[in-house]
Amino acid sequence: MLRAEAAWLARRLERVNAEQLSPLLSVGSGHAELRAAQPWLERLIYAPLTRRGVRVLHHELEPATGVDVAGDLTDPVFLERLGELELRSLMCCNVLEHVPNPDAVGTTIAGLVPSGGYVFASVPRRYPYHPGPIDTMLRPSVAELHGLFPGLALVDGAEVRCESLLGYFLASPTKLSSLKRGVRTNAPAEARVPIGETLRMLLVSTAVSAVVLRAAP
């Protein structure tokens with residue numbers, strides 16, 4: 001997650017009562033080592049939630065250090081387990097571009113939200129190809145992102161201007177591994193963008209689409 005994106009989400013989380021957020025499932029939030037590579041996540045989002053008494057559950061596909069809930073969102077058995085957690089809200093950031101079926105995942109997430117519950121979601125809008133393990137190049141507008149979560153009302157949404165790739169790299173405490181991942185990434189022809197746009201992302205800014213959604217009370 002980019003720093004400006006995290007700041008935007010943090011401000012929206014602050015506007016919601018802790019009782020309406022907890023427990024919060026952070027979908028695909030990564031293991032502890034991956035989150036540590038983006039220290040602004042803890043500072044801006046997770047630590048403030050914890051101080052407010054919000055129970056945050058980190059989700060990933062496979063068990064790992066720092067993962068509270070592991071499983072496939074397309075697995076009915078796993079979804080039954082999630083139902084037992086009595087979630088109040090979910091966060092799904094920079095995940096949907098990495099799944100082959102974002103419509104199905106969005107529908108599943110929308111179905112997990114209880115009456116009056118919230119979803120906080122973001123997806124790159126202007127960002128280069130970054131497989132993890134795949135990147136479908138889903139780059140939705142705010143309206144398109146909202147449309148992936150049927151039945152939820154749009155509370156807030158924006159195309160958030162974020163730091164450049166160079167700015168992200170310089171802020172990362174794991175610059176060497178970040179550089180290695182970048183060097184190893186070979187974008188397919190359909191994911192390549194004009195050189196001018198590449199330079200804009202590298203030196204000027206990137207962007208994400210971000211939304212706050214709510215189920216009917």
Side-chain angles (χ1 to χ4, degrees), residues 1-6 9 26-41 58-67 69-75 78 90-109 120-141 144-145 148-149 159-211:
M1 185 184 295
L2 298 165
R3 286 172 294 164
E5 174 187 3
L9 288 164
S26 188
V27 176
S29 56
H31 51 74
E33 183 179 352
L34 181 61
R35 296 197 301 273
Q38 300 177 330
W40 48 88
L41 283 178
H58 293 286
H59 162 266
E60 262 301 333
L61 190 61
E62 301 291 343
T65 302
V67 174
V69 184
D72 187 340
L73 289 176
T74 64
D75 179 2
F78 178 62
L90 295 94
M91 189 161 62
C92 178
C93 299
N94 304 298
V95 170
L96 295 179
E97 75 272 24
H98 297 303
V99 298
N101 50 350
D103 297 84
V105 173
T107 298
T108 295
I109 290 173
F120 302 83
S122 62
V123 174
R125 177 62 169 164
R126 188 172 67 252
Y127 201 82
Y129 178 76
H130 58 293
I134 65 171
D135 181 357
T136 64
M137 292 303 291
L138 175 71
R139 300 294 187 268
S141 65
E144 290 166 339
L145 178 56
L148 294 175
F149 300 91
E159 182 174 309
V160 182
R161 187 177 186 269
C162 298
E163 62 268 29
S164 67
L165 297 175
L166 179 60
Y168 175 86
F169 172 75
L170 293 175
S172 173
T174 56
K175 294 180 177 61
L176 182 58
S177 60
S178 296
L179 181 60
K180 287 180 179 178
R181 284 196 300 269
V183 169
R184 291 173 184 169
T185 298
N186 185 20
E190 62 271 18
R192 293 171 189 162
V193 298
I195 186 63
E197 184 64 14
T198 298
L199 290 173
R200 180 187 182 192
M201 292 187 289
L202 177 64
L203 300 173
V204 181
S205 68
T206 56
V208 302
S209 290
V211 294

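Residue numbers run from 1 in the order of the sequence given.
- For the pair Trp40 (side chain) and Ala4 (backbone), a donor-acceptor distance under 3.5 Å is absent.
- Among all heavy-atom pairs drawn from Ser164 and Leu203, the shortest one is CB-C, 3.6 Å.
- Judged by distance alone, the side chain of His98 and the main-chain N or O of Ile134 form a donor-acceptor pair under 3.5 Å.
- Annotation for Cys93 and Phe120: closest pair SG-O, 4.2 Å, computed over non-hydrogen atoms.
- The side chain to side chain contact (heavy atoms under 4.5 Å, CB included) search around Pro140 returns Val123, Leu138, Glu144, Leu145, not counting sequence neighbours.
- Atoms CD and OG1, from Glu60 and Thr65 in turn, are 12.5 Å apart once rounded to the nearest 0.5 Å.
- Between the side chains of Gln38 and Tyr168, at least one donor-acceptor pair of N or O atoms lies under 3.5 Å.
- Of the possible polar contacts, none joining the His59 side chain to the Ala70 backbone as a donor-acceptor pair under 3.5 Å is found.
- More than 12 heavy-atom neighbours from other residues, nucleotides or ligands sit within 6.0 angstrom of CD on Glu197.
- Nearest heavy atom pair, residue Arg139 against residue Pro128, reads NH2-O, 3.2 Å.
- Applying the side chain to side chain contact (heavy atoms under 4.5 Å, CB included) test to Asp103 and every residue at least two apart in sequence or in another chain returns Leu148.
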Chi angles and distances behind the side chain to side chain contact (heavy atoms under 4.5 Å, CB included) call for Tyr129, Val193: CA-CA 9 Å; Tyr129 178 76; Val193 298; over 6 Å; no
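- Inter-residue side-chain proximity for Ser141 and Arg125 is flagged as met; some heavy-atom pair is nearer than 4.5 Å.
- Note that CZ of Arg35 and CG of Leu41 are 8.5 Å apart. Values are rounded to the nearest 0.5 Å.
- Counting only heavy atoms from C-beta outward, the side chains of Leu2 and Tyr127 approach each other to under 4.5 Å.
- His130 places no side-chain N or O within donor-acceptor distance of the main-chain N or O of Asp135, the cut-off being under 3.5 Å.
- Nearest heavy-atom pair, Arg126 versus Ser205, reported as atom, atom and distance to 0.1 Å: NH2-OG, 2.7 Å.
- Panel note: side chain Glu163, backbone Arg3; a donor-acceptor pair is recorded below 3.5 Å.
- Between Leu9 and Ser122, the closest heavy-atom pair is CD1-OG, 4.3 Å.
- Looking at every heavy atom in both residues, Met201 comes nearest to Thr206 through O-CG2, 3.8 Å.
- Counting heavy atoms from C-beta on, the side chains of Asn94 and Pro124 come closer than 4.5 Å.
- Here the CZ atom belonging to Phe169 is positioned 11.0 Å from the CG atom belonging to Leu202, to the nearest 0.5 angstrom.
- To the nearest 0.5 angstrom, Leu73 atom CG is 9.0 Å from Leu90 atom CG.
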